[in-house]
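Notes to accompany the following structure.
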Amino acid sequence: MKFIKFTKKGIYCIPGKFYLDPWLPVDHAIISHGHADHSRSGNKHYFCHDDSKAILKHRLGADISIESMGYNQTRIINNVSVSFYPAGHVIGSVQIRLEYKGEVVVFTGDYKTQPDFITDPFESVKCHTFITESTFGLPIYNWKTELQLQEQLQNWVLQNQANNKTSVFLGYSLGKSQRIMSLIDGIDKVYVHTAINNLNNAISSSGIALPETTLLKQDFDKKDIQNKIIIMPPGLLGSRLLKRVPNAAVAICSGWMQIRGNRRWKAVDAGFAVSDHADWNGLLSAVKASEAEKVYVTHGSQATFSKYLNEIGIAAEELITDYGDEQLASEEKKDNSTANV
Amino acid sequence: MKNFSELISAIEITNKTNAKIDALVNYFKVAPEKDKLWLISIFTGKRPPRPVKSNLMKQWAFEITKLPEWLFLESYSTVGDLGETIALILPDPTHKIDKPLHVWMRELIALKPKSEEEKKEYVLNAWAGLEMQERLIFNKLIGGSFRIGVSKKTLVNALSKLSGIDANQLMHSIIGNWDINKISFEDLINGSHINYDNSKPYPFFLAYALEKELPELGQPEEWQVEYKWDGIRGQIVKRNNEIYIWSRGEELVTEQFPEIVENISKLENDFVIDGEILALKDSAVLLFNDLQKRLNRKNITKKMLEEIPVGFYVYDLLEWNGEDYREKPLEERRRTLEQLLAKPFVSEQLKLSEVIQFKKWESLIDLRENARSINSEGLMLKQKKSGYHVGRKKGDWWKWKVDPLTIDAVMIYAQKGSGRRSSKYTDYTFAVKKGDGLVTVAKAYSGLTDVEITEISRWVNKNAIEKFGPVRTVKAELVFEIAFEGIAYSKRHKSGVALRFPRIKRWRKDKPVSEIDTIESVTALIEAQ
Ligand SMILES: [Zn+2]
Ligand SMILES: [Zn+2]
């Protein structure tokens, strides 16, 4: 690879003079999506997809210098052509395609190959160099289809209602919450925590239609929410707010819930393997479809996944980045502080 | 198997015992008769021998998935459970098999003597006909522990809630001798095969930690002081030539300690005594770690019996020849006990807990400080006039434990937890300085918060020196304060010392590795005892 360099600030495009999802402040950052570990504060200029713009402003401040473009558009930056392709991870998430002197690099950010009801579905892009995430890069991770998940979640809510329980889903404000909203849409009234509501407003302001939800007020009336559905960030597990929910049945939605030990670790009432990341076969199919000569594997099971790719004849190398842990990065802390006011 | 699968899902997710009990009760209400008996059988360890070796199952899973062995092992170390790993990596089912639990069990018993080819055909067909969770259960029915936190006590409490029958009686019933092919569920829980009058235990009396100055307790001569032993609190019931050992958790553990039963059988009279089950060798109390090696084993080998002999220190007398003694004062109960255990019997493996003679309160201070040297964890103070109460009650009995010892050590290995914490690094190995290098002194896996564990797991991922297999060697950088109950010289440990009950007291983010303890400063703690 001739024009990309891995530096301690992040993935750097040498001729383009910009970084992709840098983890230390830089002048020009191109951002794959709005999760805290991929879009950090302190950069001078941000460039992202149209659907992420309002999310970034909401998260990083209305005064940041930010530009955006849609799919099927190209921007030339210092002779490097930059274009965006859907990553299917969260609303506004893209794979970043860079082309310079006939050489093509694709940086996936985070992605999910399986379609859902709310994000633009993942598109494979052919390239010479493919930089892929590997959050769930072990063969034990195989997701159910969206329809199966829909049935699973909806049945759980209905069963809770039959037992006079209020269904509480824990999911990160960006991505998981909107996904849960789409999966349970139509069965009953859905309340969302302030942090999620604010993010939903930001998303809607860019003209994206979301399922209907109601803000869960801090001083909610227990009668109103009994037997209904609530979505709140995972940081609120154990909070006073959650304790006030009458007869709560709590579910965590995360790819990690595929493993029994993880389902039990948080001691909640249910764990659903709803993931915003590609599963094992999703990662493999994306790598194969890229037809890349060289694959760089970032955050997750990078050692395992790159070793396996090499064994099946795909040249791969692991790349240590500062991504991952969107679960525990600033987003959760921020949600927490909002919750405790 | 749908009922059973739903039961397991409901139980495994929760850590609330009441939720587990409710799930069990619901199951008992709807499950077929034979399934109920099998469930009790499985959760009390009465299981048929494993029909298929786990290695074969692993081999067949490789064949189906065409995955390399190292990748399978990597997956296994993430999941922490073989049956679950296999269930997760197999492709989606191609057909649907629905059979009740007892039919699966019957088939698995019949499978045992069959040829490897026949076994393979059967197992592969089952795998291809079951969903992930059912597949996991099927693998567990073949062998292995369900690890879902259902103790015999939980099971018994569920049966009690269902039937209204006393939980301890049910404990005796399910532990007792019964044949799944000859008994009905009704008869089993009604205890038609046992005589509960012979085993019925009393509730334990438990002490609070001392929260006063010694002189505030009154005159020294009003108190009986004994060492506090750290084994398993137990109650031995001997009536009509039957002997039962109950643990404090109200489980019957008689079969685990044949040597105690043998010694008790030499005594005359009927009685119920309270005391401590301890590993006792050459008149000395061994560490709890040693006793632990004897627990929950299917077979106790002769070698085990020789290496870690178990005995019983008697604390109290609750019943004497049919008479309830609990309201009599302690000093009177003690006198009768002395008579019971009087010479010529007296065995080193079954004896009275020694009463410490003292005149002034001050003299107890040193005794407590030095308790560790005999593997005791402190002192027990009991009012001589006290009755044997039910449960916890303040005032009559106090426990006065030794403060834990601490050292600062550096983490050198991290391992993923099994079961409930399998995606995080939760088990750590710690070292102290030895010359220019480091030497391992302890393994510990408790004492940190979820947030700290998550932070450390993240650090381990970035700082692991080698990246495969379950154990990660990490840069010696993170310093922790390790607390432990005791320390002794040990030839089995490379460092030459063994810590008792090591646990993480706190993460010393403020301390650099250069300031951790040395093996010399650690050894000095033994001398100081
Ligand atoms: Zn993300
Ligand atoms: Zn990411």
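Within every chain, numbering begins at 1; the chains are lettered A, B, ... in the order of the sequence lines, protein sequences first and strands thereafter. Quick caveat: nothing in here was measured; it's all calculated off a predicted structure.
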TODO: Find the one option among A:I140, A:N281, A:D269, A:N142 whose heavy-atom pairs under 4.5 Å with chain B are most numerous.
DONE: A:I140
Task: Close side-chain approach of B:W70 to A:T304, heavy-atom, < 4.5 Å - done: yes
Task: OH/B:Y413: more than 12 non-hydrogen atoms of other groups inside 6.0 Å - done: no
Task: side-chain contact (heavy atoms from CB on, under 4.5 Å) between A:Y141 and B:I89, worked out - done: CA-CA 8 Å; A:Y141 298 111; B:I89 62 163; over 6 Å; no
- [ ] Considering non-hydrogen atoms only, spot the tightest contact between B:K462 and A:T321 and give its length.
- [x] CE-O, 3.9 Å
Task: Region of A:D322 in contact with chain B, defined by heavy-atom distances below 4.5 Å - done: both
TODO: Using a strict 4.0 Å threshold on nitrogen-to-oxygen distance, state whether B:D92 and A:K144 make a salt bridge.
DONE: no
- [ ] Please round to the nearest 0.5 Å and tell me the distance separating atom CG of B:D81 and atom CD1 of A:I259.
- [x] 10.5 Å
Task: CD/B:Q133: more than 12 non-hydrogen atoms of other groups inside 6.0 Å - done: yes
Task: Pairwise side-chain contact, B:T65 with A:P139, heavy-atom cut-off 4.5 Å (strictly under) - done: no
Task: B:L67 versus chain A, the contacting section by heavy-atom distance below 4.5 Å - done: side chain
Open item on the list: Please classify the contact of B:P68 with chain A as side chain, backbone, both or neither, using a heavy-atom distance under 4.5 Å.
Closed with: side chain
Task: A:K9, NZ: over 12 other non-hydrogen atoms inside 6.0 angstrom - done: no
Task: Under 4.5 Å from any heavy atom of chain A - which part of B:I148 - done: both
- [ ] Taking the side chain as every heavy atom from C-beta outward, state whether B:K424 and A:W256 have any pair of such atoms under 4.5 Å apart.
- [x] no
Open item on the list: How long is the straight-line distance from CD of A:Q258 back to CE of B:M132, given to the nearest 0.5 Å?
Closed with: 5.5 Å
Task: B:E84 side-chain N/O to A:R260 backbone N/O, donor-acceptor pair under 3.5 Å - done: yes
